[in-house]
Amino acid sequence: MAFQWNGGLMKYINSCVIAFAMYSKIPMPNVEWKKENMKYVMCFFPWVGAVAGLCFFFWGMYAPMVPVGRPLYAVIFTAIPILVTGGIHMDGFLDTMDALSSWQTKERRLEILKDSHAGAFAVIGGCMYFLLWFGLATELAGNGVLIVSLSFFLSRCLSGYSVTSFPCAKDSGLVAMFAVQADRKWAGRALLAQAFAAAAIILWADLLLGAAAIVASLFVFCWYHKMSMEKFGGITGDLAGWFLQVCELMVVAAVVVVDKIF
């Protein structure tokens, strides 16, 4: 039996619990997935990124005190986002790699997204993704760790905003369900407000590296919108997961490159 909170404030707590239950591996109470409880789920989605960022930051700060080499240091950096989320966004990334590499029609690409089997391009894309993340993480240090940690929140603000604002490619699936159940206009404004706050904090933490992270995030966001509309006719949960993974990778790349150059 689902545990049900009571009271006016509890609808926000229920939405928060559902957000963490859906998008993380953090144990949560069992809350009923009904319209009132799901209305503000996307508003709390970025806070899953806050938890991932906190774990990432603490490892970056305290890892030098642990007698490990740079390879293991980077492996744990690479693993932290997956361990916190349970790989739900990586699943979308892999499915999207298969669909994009098929060079089929929009309808066929959407069918490939729903296919539970991993194709060759998913495996290749996943291997390349983790190799790049690992390689970049070996170069991550200092303020770069802080900026990447904060960017986990920003990327989820942008991903959540896309769910509330972009057209859905199909009438079924989690994105379509959240889009229908949510107060899209209110949620979109709340996510934009959180995104601006996150961007301000990132710039305050380090102007140069923060600007690099924000530019990288916005670049991927625009690319994501263009690709989704052209290739799929809208977004799906898998495409939102693809965006999140690519955004995180591009932020790390931008921060490392700018840190090395300047």
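Computed from a predicted model, the values in this text were never measured in an experiment.
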(request) Check whether Leu72 and Leu83 end up in the same hydrophobic cluster, where Ile, Leu, Val, Met, Phe, Trp and Tyr are linked by side-chain heavy atoms less than 4.5 Å apart. (result) no

(request) Identify the two heavy atoms, one from Arg156 and one from Pro46, that lie closest to each other, and give their separation to 0.1 Å. (result) CB-CA, 3.6 Å

(message) Same cluster or not: Val246 versus Phe121, using hydrophobic residues (I, L, V, M, F, W, Y) connected whenever any side-chain heavy atoms lie under 4.5 Å apart?
(response) no

(request) Measure the spacing between CZ of Arg189 and OG of Ser165 and express it to the nearest 0.5 Å. (result) 11.0 Å

(message) Less than 6.0 angstrom separating the ring centers of Phe166 and Phe221, yes or no?
(response) yes

(request) Say whether Ile261 and Val255 are linked into one hydrophobic cluster, either directly or through other cluster members, by side-chain heavy-atom distances under 4.5 angstrom. (result) yes

(message) Give me each pair satisfying side-chain hydrogen bond (donor to acceptor under 3.5 Å, both in side chains) with a member in residues 209-235, each pair once, sequence neighbours excluded.
(response) Ser162-Tyr224, Lys226-Glu230

Please report, to 0.1 Å, the donor-acceptor pairs under 3.5 Å made by any side chain of residues 60-71, with sequence neighbours excluded.
from	atom 1	to	atom 2	distance (Å)
Arg70	NE	Thr138	O	3.2
Arg70	NH2	Thr138	O	2.4
Arg70	NH2	Leu140	O	3.4

(request) Return yes if some donor-acceptor pair links the side-chain N/O of Gln245 with the main-chain N/O of Met90 below 3.5 Å, else return no. (result) yes

(message) Are the side chains of Phe262 and Leu209 in contact, using a 4.5 Å heavy-atom criterion?
(response) no

(request) Would you please test Phe130 and Ile82 for side chain to side chain contact (heavy atoms under 4.5 Å, CB included) and show each step? (result) CA-CA 11 Å; Phe130 285 119; Ile82 302 299; 4.0 Å; yes

(message) Could you measure the distance from the OG atom of Ser155 to the CZ atom of Phe243? Nearest 0.5 Å is fine.
(response) 6.5 Å

(request) Please examine the side chains of His89 and Pro81, heavy atoms only from C-beta on, and report whether any two atoms are closer than 4.5 Å. (result) no

(request) Mind listing the closest non-hydrogen atom pair of Leu203 and Ala211 along with its distance? (result) CD2-N, 3.6 Å

(message) Strictly distance-based, threshold 3.5 Å: is any side-chain N or O of Asp238 a donor or acceptor partner for the main-chain N or O of Thr96?
(response) no

(request) Measure the spacing between CH2 of Trp242 and CZ of Phe93 and express it to the nearest 0.5 Å. (result) 8.5 Å

(message) Please find the pair of heavy atoms, one from Ser151 and one from Ile202, that lie closest to each other, and give the distance.
(response) OG-CD1, 4.0 Å

(message) Tell me which one of Phe152, Trp47, Phe45 satisfies ring pair (Phe, Tyr, Trp, His ring centres under 6.0 Å) with Tyr23.
(response) Phe45

(message) If you compare all heavy atoms of Ile80 against all heavy atoms of Ala52, which two are closest, and at what distance to 0.1 Å?
(response) CG2-O, 3.9 Å

(message) I'd like to know whether Phe77 forms a side chain to side chain contact (heavy atoms under 4.5 Å, CB included) with Val252, so could you lay out the CA-CA distance, the side-chain angles of the two residues, the decisive distance to 0.1 Å, and finally the verdict.
(response) CA-CA 11 Å; Phe77 264 150; Val252 178; over 6 Å; no

(message) Quick one about Glu248 and Trp133 (side-chain donor to acceptor, distance below 3.5 Å, no hydrogens or angles considered), yes or no?
(response) no

(message) So, taking the atom named CG in Leu249 and the one named CG in Leu132, what distance separates them when rounded to the nearest 0.5 Å?
(response) 5.5 Å

(message) Please determine whether residues Val123 and Met97 belong to a single hydrophobic cluster, defined as Ile, Leu, Val, Met, Phe, Trp and Tyr linked transitively by side-chain heavy-atom distances below 4.5 Å.
(response) no

(request) For Thr236 and Leu239, indicate whether the former's side chain and the latter's backbone hold a donor-acceptor pair under 3.5 Å. (result) yes

(request) Could you state whether Val75 and Met128 fall into the same hydrophobic cluster, counting links through intermediate Ile, Leu, Val, Met, Phe, Trp or Tyr residues with side-chain heavy atoms under 4.5 angstrom apart? (result) no

(message) Could you tell me if the side chain of Leu208 sits less than 4.5 Å from the side chain of Asp206, heavy atoms only?
(response) yes

(message) Taking the ring centre of each residue, are Phe20 and Phe44 less than 6.0 Å apart?
(response) no

(request) Determine the minimum heavy-atom distance between Ile147 and Ala205, stating which atoms define it. (result) CD1-CB, 3.9 Å

(request) Step by step, work out the side chain to side chain contact (heavy atoms under 4.5 Å, CB included) result for Met42 and Tyr161. (result) CA-CA 8 Å; Met42 280 297 112; Tyr161 181 73; over 6 Å; no

(request) Can you measure from CG (Leu100) to OG (Ser102) and round to the nearest 0.5 angstrom? (result) 7.5 Å

(request) Specify the closest pair of heavy atoms between Ala254 and Ala212, including all atoms of both residues, with the distance to one decimal. (result) CB-O, 3.7 Å

(message) Using 0.5 Å steps for rounding, measure from the NZ atom of Lys25 to the CD1 atom of Ile88.
(response) 9.5 Å

(message) With heavy-atom distances below 4.5 Å as the criterion, would you say the side chains of Thr85 and Ser24 are in contact?
(response) no

